[in-house]
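Heads up, the thing below is written out as structure tokens.
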Protein chains: 2
Amino acid sequence: MATIEDVAKLAGLSRTTVSRVINDQPYVTDEKKQRILHAMDELGYVPNSSARRLRSQRTETIAVLLPRITNPFFGNLIESMEQKASKAGYQVIVCQTHDSKKKELDYLQLLKTKQVDGIIMTSLVNDWELIHPYLENGPIVLCNEYMENKPVPMIHMDHRQAAYEAVQHLIEQGCKHLAFVHGEQEGHLTLERKRGFEQALLDHGLTSSENQVIQGPMDVGDGRQLFSYIKKEMPHIDGVFTGSDEVAAGMIYEAAHSDWKIPEDLSVVGFDNQMLSLLMVPSITTIEQPVKKLADKTVEVLLKQLLHPDPVRGKSHVFDHKLVVRGSTRKEKLILH
Amino acid sequence: MATIEDVAKLAGLSRTTVSRVINDQPYVTDEKKQRILHAMDELGYVPNSSARRLRSQRTETIAVLLPRITNPFFGNLIESMEQKASKAGYQVIVCQTHDSKKKELDYLQLLKTKQVDGIIMTSLVNDWELIHPYLENGPIVLCNEYMENKPVPMIHMDHRQAAYEAVQHLIEQGCKHLAFVHGEQEGHLTLERKRGFEQALLDHGLTSSENQVIQGPMDVGDGRQLFSYIKKEMPHIDGVFTGSDEVAAGMIYEAAHSDWKIPEDLSVVGFDNQMLSLLMVPSITTIEQPVKKLADKTVEVLLKQLLHPDPVRGKSHVFDHKLVVRGSTRKEKLILH
DNA sequence: TTGTAAGCGTTATCAT
DNA sequence: ATGATAACGCTTACAA
């Protein structure tokens, strides 16, 4: 593999001058520049990335931590982030934590080992105390996940309000016995949604005791089990706010293979407005997140921090959600057209 | 940021000895080892990755090239690859080409710039002549995509045979006028499927002229348009083999909002057996790929090449597919239970 | 068992 | 405008 030295020799010039050409710096005669470019071409020279990184102390790479790439919400998020980052000349590396505390910390080490310049966390399973020290090693930005009064920028929606509106909608459709379903991890995000759920119940005079919080379900399979469980063990439940279109889809699938009708016997709300939620029969009422806006803003904020290592501030950027009403909750058939 | 030198000083030993401890090498007294570990701990020392890479000429990182992460097939593939690779101590970086020739070549540069030790290509849009030179810089393995007589390992299914079986199944269900649908790019993989399509027609006495090859559709939206197009412009078509569950799902969605019935008026076969294909109403007949096996084998082969830089051989590893028959093609209702 | 010193490929500083 | 030289932080012969 050719090095800068080889190029310099072949062109009859010094490494310094070659380096100037590589980095588009001034003070190189056009004639010599051409000679060097020729030499680089002839040797198939490409600058060695490790050497540059070592020398410059920068990697031009950022890491995005997420639970799992197979969740379409995170898939879309990373897709947008990657596009935005690569326009600014940054590489993105995708880090799946699978909601493991250990993996999350392992990936944060990328900052210490200088493999990345900054980190975006889209989920957060460790206590903040364990995350905080890593701020010494480079900027961290939270996207989607958020917590109060922490010295990092946060880009997200108001999940409490979103949950409130979803639950209010269920109540308006006539549901009296509601369940809130969330995944295995009880993150801050889940907590926010739960608060919204409870507030809505309160505001509409439904006592919490008749309503349920169910922890665990995360995917389609879980949703299927959940439906069977509700039908058998809690048949009084008539409305469910799930934190996930997958879970909602699983419930609807299983319902279709039973004698319950959705939304008549059970109304269901999902989350994320994934393609799936439109395609199901009935289609799924859900909360739409402004994925692209979240992604773009997050990358923008991180890149800004990379350029101006300011004293870290905990500014929140809150984006709007949208309740998309569809067949899984709409009991009175509206007249279309 | 503490360096190895700082640790050495604090422990009153040399860099060499510290390095030995870092790399778990023998010939260090237990007592000194402890002293060093203590010093590392006290300073919060972490080895600098760029320096190690530069010195050792290895990155312990592999790149996986794929069209887009939001396609669940590739999402699942990368998920499995990442797990397998990380067990062997390798990092994975995900590279979305979006089917762009330029991006594909850009990412292959990672091999030249020594940012990765090896590359897995799960799709291939450039001519082989452009890819070939990169083999100088490190091992490349093809997974999913394949071509004949190329000096790289290939791990894949027999797409021609899979297509053949899918089309044969449609014919057995009574379809007489078939269409084969594939995406924008006409890769080798698509070509294989098309051959299977044509062979099946031939073997069952259907002349090609009555049947169609449609290029372009890739996602749910395209599938919806496609259905409308077929209904309006080619209403004689009664069976479609799409290369994608998404396209199939889009067609089914649109059909449900029309007066055509699936499978009676039009039968549809998807590809990949994604969750979506089970959830649709009717559920989608599809081809199941052994994603985990493909992923594991691919990583295994690449890692082997990384350890033994043998003269490159073009061995193919072919895995079995499975035709999953569901409601989108099953005209005679079978009695269940 | 431990240490010295060279070198991986760049780039920044300072001369010239 | 160009070049010599010293880092960046680590590993590895080789010496002791």
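To find a chain, count down the sequence lines: A is the first, B the second, and so on, and within it residues start at 1.
- With hydrogens and angles disregarded, no donor-acceptor distance shorter than 3.5 Å links the side chain of B/Thr113 to the backbone of A/Asn48.
- Residue B/Asp6 contributes atom CG, which lies 9 Å from atom P of D/dG9 at whole-angstrom precision.
- At a cut-off of 3.5 angstrom, counting only N and O atoms as typed in the model, there is no donor on one side facing an acceptor on the other between the side-chain of A/Arg20 and the base of D/dA1.
- Atom pair A/Arg58:CZ and C/dT11:P shows a separation of 11 Å (rounding to whole Å applied).
- Computed from coordinates, the B/Gln115 CD to C/dC8 P distance equals 20 Å when rounded to whole Å.
- For the OP1/OP2 pair of C/dT2 and a distance below 4.0 Å, the side-chain nitrogens and oxygens of B/Lys32 include at least one atom meeting the criterion.
- Residue A/Gly314 comes nearest to A/Met154 through the heavy atom pair O-CE, 3.9 Å, listed as atom of the first residue, atom of the second, then distance.
- At a cut-off of 3.5 angstrom, counting only N and O atoms as typed in the model, there is no donor on one side facing an acceptor on the other between the side-chain of B/Thr16 and the base of D/dT11.
- Screening B/His132, B/Glu104, B/Lys101 against B/Asn126 for a side chain to side chain donor-acceptor pair (under 3.5 Å) leaves a single residue, B/Glu104.
- Summarising the geometry, the separation between CD on B/Glu5 and C1' on C/dA5 is reported as 13 Å, rounded to the nearest angstrom.
- Using a 4.0 Å heavy-atom cutoff across all strands shown, B/Gln25 reaches sugar-phosphate atoms only and no base atom.
- Looking at A/Arg53 and A/Thr61, their side chains come closer than 4.5 Å, going by heavy atoms from C-beta outward.
- Remark: A/Ser19 is not in phosphate contact with C/dA12, judged by side-chain N or O atoms under 4.0 Å from OP1 or OP2.
- In this structure, A/Thr17 reaches the D/dG3 phosphate: one of its side-chain N or O atoms is under 4.0 Å from OP1 or OP2.
- When rounded to the nearest whole Å, the span between CZ of A/Arg52 and P of C/dT11 equals 5 Å.
- The phosphate of D/dA16 (OP1 or OP2) has no side-chain N or O of B/Tyr27 nearer than 4.0 angstrom.
- For the pair B/Leu54 CG and D/dT12 P, the interatomic distance rounds to 13 Å; values are reported in whole Å.
- The phosphate of C/dT11 (OP1 or OP2) has no side-chain N or O of A/Gln57 nearer than 4.0 angstrom.
- Around CD of A/Gln109, the count of heavy atoms belonging to other residues, nucleotides or ligands within 6.0 Å exceeds 12.
- The neighbour count for A/His38 NE2, taken as heavy atoms of other residues, nucleotides or ligands under 6.0 Å away, does not exceed 12.
- For C/dT11, the base has a donor-acceptor partner in the side chain of A/Arg55 [N/O atoms by modelled type, under 3.5 angstrom].
- Scanning atom types as modelled, no donor and acceptor separated by under 3.5 angstrom connect the side chain of A/Arg53 and the base of C/dG9.
- Nucleic acid contact class of B/Val7 (heavy atoms, under 4.0 Å, all strands): none.
- Within 4.0 Å (heavy atoms only), A/Pro26 reaches no atom of the nucleic acid at all.
- Taking 4.0 angstrom as the limit, A/Ser14 places a side-chain polar atom (N or O) nearer than this to OP1 or OP2 of D/dG3.
- Projected onto DNA chain C by closest heavy-atom contact, B/Leu13 and A/Asn48 fall at different nucleotides, the more 5' of which corresponds to B/Leu13.
- Neither OP1 nor OP2 of C/dT4 sits under 4.0 Å from any side-chain N or O of B/Arg15.
- Atoms CD1 (B/Ile36) and P (D/dT11) sit 13 Å apart, rounded to a whole Å.
- Applying the 4.0 Å criterion to OP1 and OP2 of D/dT2, one finds that A/Thr29 has a side-chain N or O inside that range.
- Of the side-chain N and O atoms in A/Asn23, one or more sit less than 4.0 angstrom from OP1 or OP2 of C/dT11.
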